[in-house]
Number of protein chains: 2
Amino acid sequence: MNKCDQCIVRQLSSLKALNKEEVIQLANSKTSYSIKKGEAIFEEGEVTNGVFCIKDGVGKLSKLSANGKDQIVKLVKSGELLGQRSMISNEPANLTAKAIADMEVCFIPKSEIIHFFNNNNQFSLNLMQSICEDLKESENDKIALVQKTVKQRLAETLLQLHDEFGENPDKTLKVQLTREELAGIIGTATESCIRLLSDFNKLELIELVGKKIMLKDVRALKKMAE
Amino acid sequence: MNKCDQCIVRQLSSLKALNKEEVIQLANSKTSYSIKKGEAIFEEGEVTNGVFCIKDGVGKLSKLSANGKDQIVKLVKSGELLGQRSMISNEPANLTAKAIADMEVCFIPKSEIIHFFNNNNQFSLNLMQSICEDLKESENDKIALVQKTVKQRLAETLLQLHDEFGENPDKTLKVQLTREELAGIIGTATESCIRLLSDFNKLELIELVGKKIMLKDVRALKKMAE
DNA sequence: GTTTAAATATGACAATTATCATATGAAAAC
DNA sequence: GTTTTCATATGATAATTGTCATATTTAAAC
(Lines give C-alpha, C1' and ligand atoms only; values in the text may rest on other atoms or scores of the structure.)
Protein backbone atom coordinates (compact mmCIF):
# COMPACT_ATOMS: atom_id res chain seq x y z
CA MET A 1 0.00 0.00 0.00
CA ASN A 2 2.60 2.44 -1.13
CA LYS A 3 1.09 5.44 -2.85
CA CYS A 4 4.25 6.73 -4.58
CA ASP A 5 4.74 3.40 -6.30
CA GLN A 6 1.76 3.84 -8.60
CA CYS A 7 2.15 7.60 -9.05
CA ILE A 8 2.42 8.97 -12.56
CA VAL A 9 5.48 10.97 -11.57
CA ARG A 10 7.22 7.78 -10.56
CA GLN A 11 6.42 6.36 -13.99
CA LEU A 12 7.48 9.32 -16.09
CA SER A 13 10.20 11.27 -14.31
CA SER A 14 13.78 10.54 -13.23
CA LEU A 15 12.22 8.82 -10.22
CA LYS A 16 11.47 5.76 -12.35
CA ALA A 17 15.01 4.60 -11.55
CA LEU A 18 14.23 4.24 -7.84
CA ASN A 19 14.05 0.73 -6.38
CA LYS A 20 11.38 -0.52 -3.98
CA GLU A 21 13.21 0.54 -0.84
CA GLU A 22 13.86 3.96 -2.22
CA VAL A 23 10.22 4.41 -3.16
CA ILE A 24 9.20 3.55 0.39
CA GLN A 25 11.69 6.07 1.68
CA LEU A 26 10.27 8.60 -0.77
CA ALA A 27 6.70 7.93 0.33
CA ASN A 28 7.66 8.56 3.94
CA SER A 29 9.37 11.85 3.35
CA LYS A 30 7.04 13.49 0.86
CA THR A 31 4.24 15.91 1.64
CA SER A 32 1.21 16.45 -0.59
CA TYR A 33 -0.45 19.71 -1.58
CA SER A 34 -3.33 20.95 -3.64
CA ILE A 35 -2.72 24.12 -5.61
CA LYS A 36 -5.64 26.03 -7.05
CA LYS A 37 -5.48 27.58 -10.49
CA GLY A 38 -3.67 30.90 -10.26
CA GLU A 39 -1.87 30.09 -7.03
CA ALA A 40 1.93 29.94 -6.79
CA ILE A 41 3.91 26.81 -5.95
CA PHE A 42 7.00 28.92 -5.37
CA GLU A 43 8.05 32.42 -6.29
CA GLU A 44 11.22 33.86 -7.76
CA GLY A 45 13.82 34.32 -5.04
CA GLU A 46 12.30 31.75 -2.71
CA VAL A 47 14.52 28.99 -1.33
CA THR A 48 12.65 25.78 -2.04
CA ASN A 49 14.97 23.15 -0.56
CA GLY A 50 13.51 20.32 -2.54
CA VAL A 51 11.62 19.40 -5.66
CA PHE A 52 7.94 19.20 -6.48
CA CYS A 53 6.35 16.22 -8.20
CA ILE A 54 3.37 17.11 -10.35
CA LYS A 55 0.72 14.46 -9.86
CA ASP A 56 -1.95 16.35 -11.71
CA GLY A 57 -2.59 19.68 -13.40
CA VAL A 58 -0.56 22.14 -15.41
CA GLY A 59 1.80 24.86 -14.26
CA LYS A 60 3.88 27.65 -15.74
CA LEU A 61 7.39 28.80 -14.94
CA SER A 62 7.67 32.51 -15.59
CA LYS A 63 9.41 35.75 -14.81
CA LEU A 64 7.74 39.09 -14.33
CA SER A 65 9.37 42.04 -16.08
CA ALA A 66 9.60 45.61 -14.85
CA ASN A 67 6.75 46.67 -17.17
CA GLY A 68 4.42 44.06 -15.69
CA LYS A 69 4.66 41.49 -18.46
CA ASP A 70 5.02 37.87 -17.53
CA GLN A 71 7.38 35.91 -19.75
CA ILE A 72 6.62 32.19 -19.60
CA VAL A 73 9.74 30.07 -19.80
CA LYS A 74 8.22 26.63 -19.65
CA LEU A 75 4.97 24.79 -19.04
CA VAL A 76 4.99 21.75 -16.78
CA LYS A 77 2.46 18.97 -16.55
CA SER A 78 1.66 15.85 -14.60
CA GLY A 79 4.50 13.36 -14.44
CA GLU A 80 7.19 16.03 -14.32
CA LEU A 81 9.43 17.36 -11.59
CA LEU A 82 9.68 21.02 -10.72
CA GLY A 83 12.50 22.95 -9.07
CA GLN A 84 15.29 20.56 -9.97
CA ARG A 85 17.65 23.23 -11.21
CA SER A 86 17.49 25.49 -8.18
CA MET A 87 17.96 22.54 -5.90
CA ILE A 88 21.03 21.25 -7.72
CA SER A 89 22.54 24.73 -8.02
CA ASN A 90 21.86 25.49 -4.38
CA GLU A 91 20.18 28.70 -5.38
CA PRO A 92 16.87 30.43 -4.74
CA ALA A 93 14.32 29.94 -7.51
CA ASN A 94 15.08 31.93 -10.64
CA LEU A 95 11.48 31.72 -11.80
CA THR A 96 7.99 31.75 -10.34
CA ALA A 97 5.88 28.58 -10.64
CA LYS A 98 2.11 29.03 -10.80
CA ALA A 99 -0.78 26.69 -11.50
CA ILE A 100 -2.59 27.17 -14.81
CA ALA A 101 -5.01 24.41 -13.96
CA ASP A 102 -5.69 23.03 -10.46
CA MET A 103 -2.71 20.96 -9.40
CA GLU A 104 -1.87 18.08 -7.09
CA VAL A 105 1.79 18.16 -6.13
CA CYS A 106 4.12 16.43 -3.70
CA PHE A 107 7.16 18.01 -2.14
CA ILE A 108 10.32 15.93 -1.78
CA PRO A 109 12.97 17.38 0.51
CA LYS A 110 16.40 18.03 -0.91
CA SER A 111 18.09 15.56 1.44
CA GLU A 112 16.12 12.72 -0.14
CA ILE A 113 16.98 13.71 -3.69
CA ILE A 114 20.66 14.11 -2.87
CA HIS A 115 20.62 10.71 -1.22
CA PHE A 116 19.14 9.10 -4.33
CA PHE A 117 21.55 11.08 -6.47
CA ASN A 118 24.56 9.74 -4.57
CA ASN A 119 23.40 6.15 -4.36
CA ASN A 120 21.61 5.48 -7.59
CA ASN A 121 23.55 6.09 -10.79
CA GLN A 122 20.57 5.57 -13.01
CA PHE A 123 18.59 8.17 -11.08
CA SER A 124 21.38 10.73 -11.33
CA LEU A 125 21.76 10.04 -15.05
CA ASN A 126 18.00 10.41 -15.56
CA LEU A 127 17.96 13.65 -13.62
CA MET A 128 20.85 14.96 -15.65
CA GLN A 129 19.22 13.96 -18.91
CA SER A 130 16.04 15.69 -17.92
CA ILE A 131 17.93 18.91 -17.21
CA CYS A 132 19.82 18.51 -20.50
CA GLU A 133 16.49 18.22 -22.26
CA ASP A 134 15.39 21.48 -20.65
CA LEU A 135 18.64 23.11 -21.73
CA LYS A 136 18.26 22.02 -25.32
CA GLU A 137 14.69 23.24 -25.40
CA SER A 138 15.64 26.55 -23.88
CA GLU A 139 18.46 27.07 -26.39
CA ASN A 140 16.18 26.24 -29.28
CA ASP A 141 13.52 28.60 -27.95
CA LYS A 142 16.13 31.31 -27.71
CA ILE A 143 17.14 30.77 -31.31
CA ALA A 144 13.50 30.78 -32.43
CA LEU A 145 12.92 34.08 -30.64
CA VAL A 146 15.60 35.68 -32.78
CA GLN A 147 15.24 33.86 -36.05
CA LYS A 148 11.47 33.66 -36.35
CA THR A 149 8.71 36.23 -36.56
CA VAL A 150 5.90 36.44 -34.01
CA LYS A 151 3.58 34.82 -36.53
CA GLN A 152 5.91 31.86 -36.97
CA ARG A 153 6.36 31.51 -33.24
CA LEU A 154 2.62 31.53 -32.67
CA ALA A 155 2.11 28.79 -35.26
CA GLU A 156 4.95 26.78 -33.72
CA THR A 157 3.63 27.21 -30.19
CA LEU A 158 0.08 26.18 -31.12
CA LEU A 159 1.47 22.99 -32.66
CA GLN A 160 3.63 22.31 -29.63
CA LEU A 161 0.71 22.81 -27.25
CA HIS A 162 -1.33 20.41 -29.33
CA ASP A 163 1.46 17.83 -29.32
CA GLU A 164 2.26 18.10 -25.66
CA PHE A 165 -1.18 18.48 -24.11
CA GLY A 166 -3.54 17.07 -26.69
CA GLU A 167 -7.09 18.10 -27.45
CA ASN A 168 -10.55 18.03 -25.84
CA PRO A 169 -13.42 15.97 -27.28
CA ASP A 170 -14.50 19.09 -29.20
CA LYS A 171 -11.01 19.16 -30.80
CA THR A 172 -9.95 22.33 -29.01
CA LEU A 173 -6.57 22.53 -27.27
CA LYS A 174 -6.62 20.90 -23.86
CA VAL A 175 -4.40 23.47 -22.14
CA GLN A 176 -6.59 26.40 -21.35
CA LEU A 177 -4.35 29.45 -21.66
CA THR A 178 -5.46 33.05 -21.66
CA ARG A 179 -4.36 35.13 -24.65
CA GLU A 180 -2.06 36.92 -22.24
CA GLU A 181 -0.37 33.66 -21.24
CA LEU A 182 -0.06 32.55 -24.84
CA ALA A 183 1.56 35.90 -25.59
CA GLY A 184 3.89 35.29 -22.66
CA ILE A 185 5.01 32.01 -24.17
CA ILE A 186 5.71 33.31 -27.65
CA GLY A 187 7.20 36.50 -26.29
CA THR A 188 4.98 39.22 -27.66
CA ALA A 189 2.34 41.73 -26.60
CA THR A 190 -1.09 40.37 -25.71
CA GLU A 191 -2.74 42.51 -28.40
CA SER A 192 -0.36 41.21 -31.07
CA CYS A 193 -1.17 37.67 -30.04
CA ILE A 194 -4.92 38.28 -30.17
CA ARG A 195 -4.60 39.98 -33.54
CA LEU A 196 -2.64 37.09 -35.03
CA LEU A 197 -5.08 34.52 -33.66
CA SER A 198 -7.78 36.51 -35.33
CA ASP A 199 -5.81 36.45 -38.60
CA PHE A 200 -5.23 32.70 -38.30
CA ASN A 201 -8.95 32.31 -37.73
CA LYS A 202 -9.78 34.25 -40.89
CA LEU A 203 -7.24 32.19 -42.83
CA GLU A 204 -8.99 29.07 -41.44
CA LEU A 205 -5.77 27.77 -39.91
CA ILE A 206 -7.51 27.67 -36.55
CA GLU A 207 -10.99 28.19 -35.20
CA LEU A 208 -11.73 30.25 -32.14
CA VAL A 209 -14.38 28.54 -30.03
CA GLY A 210 -15.00 31.15 -27.37
CA LYS A 211 -11.70 31.42 -25.56
CA LYS A 212 -10.66 28.00 -26.74
CA ILE A 213 -8.58 27.29 -29.82
CA MET A 214 -9.03 24.51 -32.32
CA LEU A 215 -6.34 23.68 -34.88
CA LYS A 216 -7.97 23.31 -38.29
CA ASP A 217 -5.06 23.13 -40.72
CA VAL A 218 -2.06 21.53 -39.05
CA ARG A 219 -0.14 21.21 -42.29
CA ALA A 220 -0.44 24.91 -43.08
CA LEU A 221 0.54 25.79 -39.52
CA LYS A 222 3.64 23.62 -39.81
CA LYS A 223 4.56 25.27 -43.06
CA MET A 224 4.07 28.69 -41.52
CA ALA A 225 6.23 27.81 -38.53
CA GLU A 226 9.29 27.16 -40.70
CA MET B 1 54.86 14.08 -15.37
CA ASN B 2 51.13 14.07 -15.76
CA LYS B 3 50.03 16.81 -18.07
CA CYS B 4 46.32 16.80 -17.20
CA ASP B 5 47.08 17.36 -13.55
CA GLN B 6 48.25 20.92 -14.05
CA CYS B 7 45.80 21.77 -16.82
CA ILE B 8 43.56 24.77 -16.38
CA VAL B 9 40.52 22.69 -17.32
CA ARG B 10 41.27 20.36 -14.44
CA GLN B 11 41.37 23.37 -12.13
CA LEU B 12 38.21 25.08 -13.31
CA SER B 13 35.77 22.51 -14.65
CA SER B 14 33.83 19.60 -13.18
CA LEU B 15 37.07 17.62 -13.60
CA LYS B 16 38.45 19.23 -10.46
CA ALA B 17 36.69 16.48 -8.51
CA LEU B 18 38.86 13.74 -10.05
CA ASN B 19 41.38 11.99 -7.83
CA LYS B 20 44.99 11.17 -8.81
CA GLU B 21 44.19 7.82 -10.32
CA GLU B 22 41.35 9.24 -12.33
CA VAL B 23 43.54 12.02 -13.65
CA ILE B 24 46.09 9.48 -14.84
CA GLN B 25 43.33 7.56 -16.53
CA LEU B 26 42.16 10.79 -18.11
CA ALA B 27 45.64 11.66 -19.36
CA ASN B 28 45.92 8.28 -21.04
CA SER B 29 42.64 8.47 -22.87
CA LYS B 30 42.61 12.08 -24.05
CA THR B 31 43.77 13.34 -27.42
CA SER B 32 44.95 16.90 -28.07
CA TYR B 33 44.10 19.19 -30.97
CA SER B 34 44.86 22.67 -32.18
CA ILE B 35 41.98 24.56 -33.74
CA LYS B 36 42.68 27.64 -35.79
CA LYS B 37 40.44 30.70 -35.57
CA GLY B 38 37.39 30.16 -37.74
CA GLU B 39 37.65 26.36 -37.77
CA ALA B 40 34.93 24.13 -36.33
CA ILE B 41 35.39 21.79 -33.38
CA PHE B 42 32.13 20.08 -34.21
CA GLU B 43 29.13 20.91 -36.34
CA GLU B 44 25.40 20.71 -35.73
CA GLY B 45 24.20 17.16 -36.30
CA GLU B 46 27.59 15.55 -35.72
CA VAL B 47 27.88 12.73 -33.20
CA THR B 48 30.73 13.73 -30.91
CA ASN B 49 30.91 10.80 -28.50
CA GLY B 50 32.80 12.66 -25.86
CA VAL B 51 33.57 16.10 -24.50
CA PHE B 52 36.18 18.70 -25.35
CA CYS B 53 38.34 20.42 -22.75
CA ILE B 54 39.32 23.94 -23.69
CA LYS B 55 42.93 24.46 -22.68
CA ASP B 56 43.26 27.76 -24.45
CA GLY B 57 41.35 30.11 -26.74
CA VAL B 58 37.74 31.14 -27.18
CA GLY B 59 34.93 29.43 -29.03
CA LYS B 60 31.34 30.07 -29.94
CA LEU B 61 28.34 27.75 -29.94
CA SER B 62 25.92 28.82 -32.61
CA LYS B 63 23.15 27.85 -34.99
CA LEU B 64 22.81 28.98 -38.57
CA SER B 65 19.35 30.10 -39.65
CA ALA B 66 17.73 29.63 -43.04
CA ASN B 67 18.46 33.25 -43.98
CA GLY B 68 22.18 32.81 -43.32
CA LYS B 69 22.35 34.47 -39.92
CA ASP B 70 24.35 32.84 -37.20
CA GLN B 71 22.77 33.05 -33.76
CA ILE B 72 25.41 32.63 -31.05
CA VAL B 73 24.06 30.74 -28.06
CA LYS B 74 27.12 30.81 -25.83
CA LEU B 75 30.80 31.68 -25.78
CA VAL B 76 33.24 29.23 -24.22
CA LYS B 77 36.73 29.91 -22.94
CA SER B 78 39.73 28.13 -21.48
CA GLY B 79 38.94 26.02 -18.44
CA GLU B 80 35.53 25.00 -19.72
CA LEU B 81 34.12 21.79 -21.12
CA LEU B 82 32.30 21.60 -24.43
CA GLY B 83 29.75 19.10 -25.68
CA GLN B 84 28.55 17.91 -22.28
CA ARG B 85 24.89 18.21 -23.09
CA SER B 86 24.92 16.19 -26.30
CA MET B 87 26.99 13.50 -24.65
CA ILE B 88 24.66 13.14 -21.68
CA SER B 89 21.55 13.22 -23.86
CA ASN B 90 23.01 10.71 -26.29
CA GLU B 91 22.21 13.03 -29.15
CA PRO B 92 24.05 14.57 -32.06
CA ALA B 93 25.23 18.13 -31.44
CA ASN B 94 22.42 20.69 -31.48
CA LEU B 95 24.84 23.53 -32.16
CA THR B 96 28.02 24.17 -34.10
CA ALA B 97 31.20 24.95 -32.14
CA LYS B 98 33.78 27.16 -33.83
CA ALA B 99 36.98 28.86 -32.69
CA ILE B 100 36.84 32.64 -32.35
CA ALA B 101 40.50 32.72 -31.31
CA ASP B 102 43.04 29.93 -31.89
CA MET B 103 42.26 27.09 -29.53
CA GLU B 104 43.99 24.21 -27.81
CA VAL B 105 41.53 21.49 -26.92
CA CYS B 106 41.59 17.92 -25.66
CA PHE B 107 39.01 15.30 -26.50
CA ILE B 108 37.84 12.95 -23.74
CA PRO B 109 35.91 9.89 -24.91
CA LYS B 110 32.42 9.36 -23.58
CA SER B 111 33.34 6.08 -21.88
CA GLU B 112 35.76 7.91 -19.60
CA ILE B 113 33.25 10.58 -18.62
CA ILE B 114 30.54 8.00 -17.94
CA HIS B 115 32.99 6.05 -15.81
CA PHE B 116 33.82 9.12 -13.73
CA PHE B 117 30.13 9.98 -13.56
CA ASN B 118 29.25 6.57 -12.14
CA ASN B 119 32.14 6.34 -9.70
CA ASN B 120 32.66 9.85 -8.46
CA ASN B 121 29.66 11.56 -6.91
CA GLN B 122 31.39 14.89 -6.63
CA PHE B 123 32.22 14.82 -10.33
CA SER B 124 28.65 14.02 -11.31
CA LEU B 125 27.36 16.75 -9.03
CA ASN B 126 29.83 19.25 -10.52
CA LEU B 127 28.85 18.26 -14.04
CA MET B 128 25.21 18.63 -13.18
CA GLN B 129 25.76 22.02 -11.58
CA SER B 130 27.62 23.21 -14.62
CA ILE B 131 24.74 22.20 -16.88
CA CYS B 132 22.30 23.84 -14.47
CA GLU B 133 24.33 27.02 -14.72
CA ASP B 134 24.03 26.87 -18.52
CA LEU B 135 20.29 26.34 -18.19
CA LYS B 136 19.84 29.30 -15.91
CA GLU B 137 21.86 31.50 -18.22
CA SER B 138 19.92 30.34 -21.24
CA GLU B 139 16.59 31.02 -19.56
CA ASN B 140 17.68 34.46 -18.50
CA ASP B 141 18.95 35.21 -22.00
CA LYS B 142 15.61 34.13 -23.35
CA ILE B 143 13.79 36.47 -21.01
CA ALA B 144 16.14 39.33 -21.90
CA LEU B 145 15.48 38.76 -25.59
CA VAL B 146 11.80 39.40 -25.03
CA GLN B 147 11.84 41.97 -22.28
CA LYS B 148 14.72 44.19 -23.38
CA THR B 149 15.38 46.30 -26.44
CA VAL B 150 18.34 45.72 -28.74
CA LYS B 151 20.04 48.73 -27.18
CA GLN B 152 19.67 47.30 -23.69
CA ARG B 153 20.90 43.92 -24.81
CA LEU B 154 23.95 45.44 -26.46
CA ALA B 155 24.83 47.34 -23.28
CA GLU B 156 24.31 44.19 -21.22
CA THR B 157 26.39 42.06 -23.56
CA LEU B 158 29.30 44.52 -23.62
CA LEU B 159 29.37 44.47 -19.83
CA GLN B 160 29.20 40.68 -19.74
CA LEU B 161 32.04 40.35 -22.25
CA HIS B 162 34.11 42.72 -20.14
CA ASP B 163 33.35 40.76 -16.97
CA GLU B 164 33.95 37.36 -18.45
CA PHE B 165 36.95 37.97 -20.69
CA GLY B 166 38.56 41.11 -19.29
CA GLU B 167 40.44 43.80 -21.14
CA ASN B 168 43.69 44.28 -23.06
CA PRO B 169 46.45 46.64 -21.81
CA ASP B 170 44.88 49.37 -23.97
CA LYS B 171 41.60 48.83 -22.06
CA THR B 172 39.78 47.39 -25.07
CA LEU B 173 37.74 44.20 -24.70
CA LYS B 174 39.91 41.11 -24.83
CA VAL B 175 37.49 38.97 -26.85
CA GLN B 176 37.89 40.04 -30.42
CA LEU B 177 34.46 39.67 -31.99
CA THR B 178 33.38 40.93 -35.37
CA ARG B 179 30.34 43.18 -35.40
CA GLU B 180 28.51 40.32 -37.06
CA GLU B 181 29.34 37.99 -34.18
CA LEU B 182 28.34 40.58 -31.62
CA ALA B 183 25.05 40.96 -33.46
CA GLY B 184 24.71 37.18 -33.34
CA ILE B 185 25.03 37.24 -29.56
CA ILE B 186 22.50 39.97 -28.91
CA GLY B 187 20.18 38.64 -31.59
CA THR B 188 19.90 41.46 -34.06
CA ALA B 189 20.97 42.45 -37.58
CA THR B 190 24.65 43.29 -38.09
CA GLU B 191 23.77 46.79 -39.31
CA SER B 192 21.65 47.48 -36.22
CA CYS B 193 24.54 46.41 -34.04
CA ILE B 194 27.02 48.64 -35.88
CA ARG B 195 24.62 51.55 -35.72
CA LEU B 196 24.13 51.21 -31.98
CA LEU B 197 27.85 50.89 -31.35
CA SER B 198 28.22 54.09 -33.29
CA ASP B 199 25.55 55.74 -31.12
CA PHE B 200 27.22 54.48 -27.94
CA ASN B 201 30.48 55.91 -29.23
CA LYS B 202 28.90 59.32 -29.80
CA LEU B 203 27.35 59.20 -26.32
CA GLU B 204 30.86 58.41 -24.98
CA LEU B 205 29.66 55.19 -23.38
CA ILE B 206 32.28 53.30 -25.36
CA GLU B 207 35.16 54.15 -27.66
CA LEU B 208 35.74 52.37 -30.94
CA VAL B 209 39.45 51.74 -31.39
CA GLY B 210 39.55 50.37 -34.92
CA LYS B 211 37.57 47.15 -34.68
CA LYS B 212 38.15 46.94 -30.97
CA ILE B 213 35.80 48.24 -28.32
CA MET B 214 36.69 50.04 -25.12
CA LEU B 215 34.14 50.57 -22.34
CA LYS B 216 34.31 54.18 -21.19
CA ASP B 217 31.29 54.62 -18.93
CA VAL B 218 30.47 51.34 -17.22
CA ARG B 219 27.97 52.95 -14.86
CA ALA B 220 25.94 54.45 -17.70
CA LEU B 221 26.06 51.15 -19.57
CA LYS B 222 24.74 49.34 -16.50
CA LYS B 223 21.95 51.85 -16.16
CA MET B 224 21.09 51.46 -19.81
CA ALA B 225 21.02 47.68 -19.55
CA GLU B 226 18.23 47.71 -16.97
C1' DG C 1 -30.46 38.74 -12.01
C1' DT C 2 -27.92 42.74 -12.00
C1' DT C 3 -23.67 44.86 -11.46
C1' DT C 4 -18.85 44.77 -11.88
C1' DA C 5 -14.68 43.28 -13.36
C1' DA C 6 -11.84 40.94 -16.48
C1' DA C 7 -10.72 38.95 -21.02
C1' DT C 8 -11.03 39.39 -25.85
C1' DA C 9 -11.14 42.12 -29.92
C1' DT C 10 -9.98 45.79 -33.20
C1' DG C 11 -8.47 50.41 -34.89
C1' DA C 12 -5.03 54.02 -35.17
C1' DC C 13 -0.63 55.23 -34.58
C1' DA C 14 4.25 55.22 -32.96
C1' DA C 15 8.52 53.01 -32.08
C1' DT C 16 11.74 49.71 -33.02
C1' DT C 17 14.26 47.03 -35.92
C1' DA C 18 15.32 44.87 -40.48
C1' DT C 19 16.51 45.34 -45.20
C1' DC C 20 18.67 47.24 -49.11
C1' DA C 21 21.87 50.35 -51.13
C1' DT C 22 26.13 52.28 -51.10
C1' DA C 23 30.36 54.23 -49.28
C1' DT C 24 34.68 53.88 -46.91
C1' DG C 25 38.39 51.69 -44.67
C1' DA C 26 41.42 47.82 -43.69
C1' DA C 27 43.44 43.60 -44.51
C1' DA C 28 44.56 39.77 -47.60
C1' DA C 29 45.91 38.00 -52.13
C1' DC C 30 48.39 38.45 -56.11
C1' DG D 1 52.26 48.08 -54.89
C1' DT D 2 48.04 47.15 -56.77
C1' DT D 3 43.89 44.68 -56.75
C1' DT D 4 40.46 42.26 -54.50
C1' DT D 5 37.87 41.05 -50.78
C1' DC D 6 35.80 41.62 -46.54
C1' DA D 7 34.43 44.30 -42.40
C1' DT D 8 32.68 48.55 -40.91
C1' DA D 9 29.77 52.44 -41.51
C1' DT D 10 25.66 55.22 -42.66
C1' DG D 11 21.44 56.71 -45.17
C1' DA D 12 16.81 55.70 -46.82
C1' DT D 13 12.99 53.03 -46.43
C1' DA D 14 9.94 49.22 -45.31
C1' DA D 15 8.21 45.79 -42.27
C1' DT D 16 7.20 44.24 -37.90
C1' DT D 17 5.65 44.78 -33.56
C1' DG D 18 4.28 47.56 -29.50
C1' DT D 19 1.30 50.98 -27.34
C1' DC D 20 -2.79 53.39 -26.37
C1' DA D 21 -7.64 53.89 -26.92
C1' DT D 22 -11.92 51.87 -26.95
C1' DA D 23 -15.52 48.43 -27.95
C1' DT D 24 -17.54 44.10 -26.97
C1' DT D 25 -18.03 39.86 -24.91
C1' DT D 26 -17.63 36.75 -21.05
C1' DA D 27 -17.24 35.49 -16.44
C1' DA D 28 -17.37 36.64 -11.57
C1' DA D 29 -19.28 38.93 -7.52
C1' DC D 30 -22.91 40.55 -5.04
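Below, read A as the first sequence line, B as the second, and so on, with proteins coming before strands; counting in each chain starts at 1.
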Tell me yes or no: between the side chains of N94(A) and K63(A), is some donor less than 3.5 Å from an acceptor?
yes
Exercise. Would you kindly say whether S89(B) and R85(B) are connected by a side-chain donor-acceptor distance under 3.5 Å?
Key: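 Looking only at side-chain atoms, R85(B) and S89(B) do form a donor-acceptor pair, the distance falling under 3.5 Å.
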Starting at [atom1] of [X] and ending at [atom2] of [N], how long is that distance when rounded to a whole Å?
X: D199(B); N: dT16(C); atom1: CG; atom2: P; result: 12 Å
X: Q152(A); N: dA15(D); atom1: CD; atom2: P; result: 16 Å
X: L196(A); N: dA15(D); atom1: CG; atom2: P; result: 17 Å
X: E207(A); N: dT8(C); atom1: CD; atom2: P; result: 17 Å
X: L154(A); N: dT17(D); atom1: CG; atom2: P; result: 11 Å
X: R195(B); N: dA21(C); atom1: CZ; atom2: P; result: 15 Å
X: I213(A); N: dT8(C); atom1: CD1; atom2: P; result: 9 Å
X: L197(B); N: dA9(D); atom1: CG; atom2: P; result: 7 Å

Return yes when atom NZ of K110(B) has more than 12 non-hydrogen atoms of other residues, nucleotides or ligands closer than 6.0 Å, and no otherwise. yes
Picking from dT17(C), dT17(D), dA7(D), the nucleotide nearest the side-chain atoms of V150(A) would be dT17(D)
Of dT10(C), dT8(C), dT10(D), the nucleotide closest to the side chain of I194(B) is dT10(D)
Locate the shortest heavy-atom distance separating S14(A) from Q84(A); write the atom from each residue and the value.
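The pair with the smallest heavy-atom distance is OG-OE1, 4.5 Å.
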Check this one for me: any side-chain N or O of [X] less than 4.0 Å away from OP1 or OP2 of [N]?
X: K212(B); N: dT8(D); answer: no
X: S192(B); N: dT16(C); answer: no
X: K69(A); N: dT19(D); answer: yes

Contacts under 3.5 angstrom, residues 175-186 of chain A side chains, donor-acceptor by atom type, not counting sequence neighbours:
unit_1, atom_1, unit_2, atom_2, d
T178(A), OG1, E180(A), N, 3.4
T178(A), OG1, E181(A), N, 3.0
R179(A), NH1, K211(A), O, 2.8
E181(A), OE1, T178(A), N, 3.0
E181(A), OE2, K60(A), NZ, 3.3

Residues of residues 164-191 of chain B with a heavy atom under 4.0 Å from any atom of DNA chain C, listed by number, are T188(B), A189(B), E191(B)
Which of these, C4(A), C7(A), S78(A), sits in a side-chain contact (heavy atoms from CB on, under 4.5 Å) with K55(A)?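 The passing option is C7(A).
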Yes or no on salt bridge (charged side-chain N to carboxylate O under 4.0 Å, His left out) for E207(A) and K171(A), after CA distance, side-chain angles and deciding distance?
CA-CA 10 Å; E207(A) 191 177 323; K171(A) 304 263 184 185; over 6 Å; no
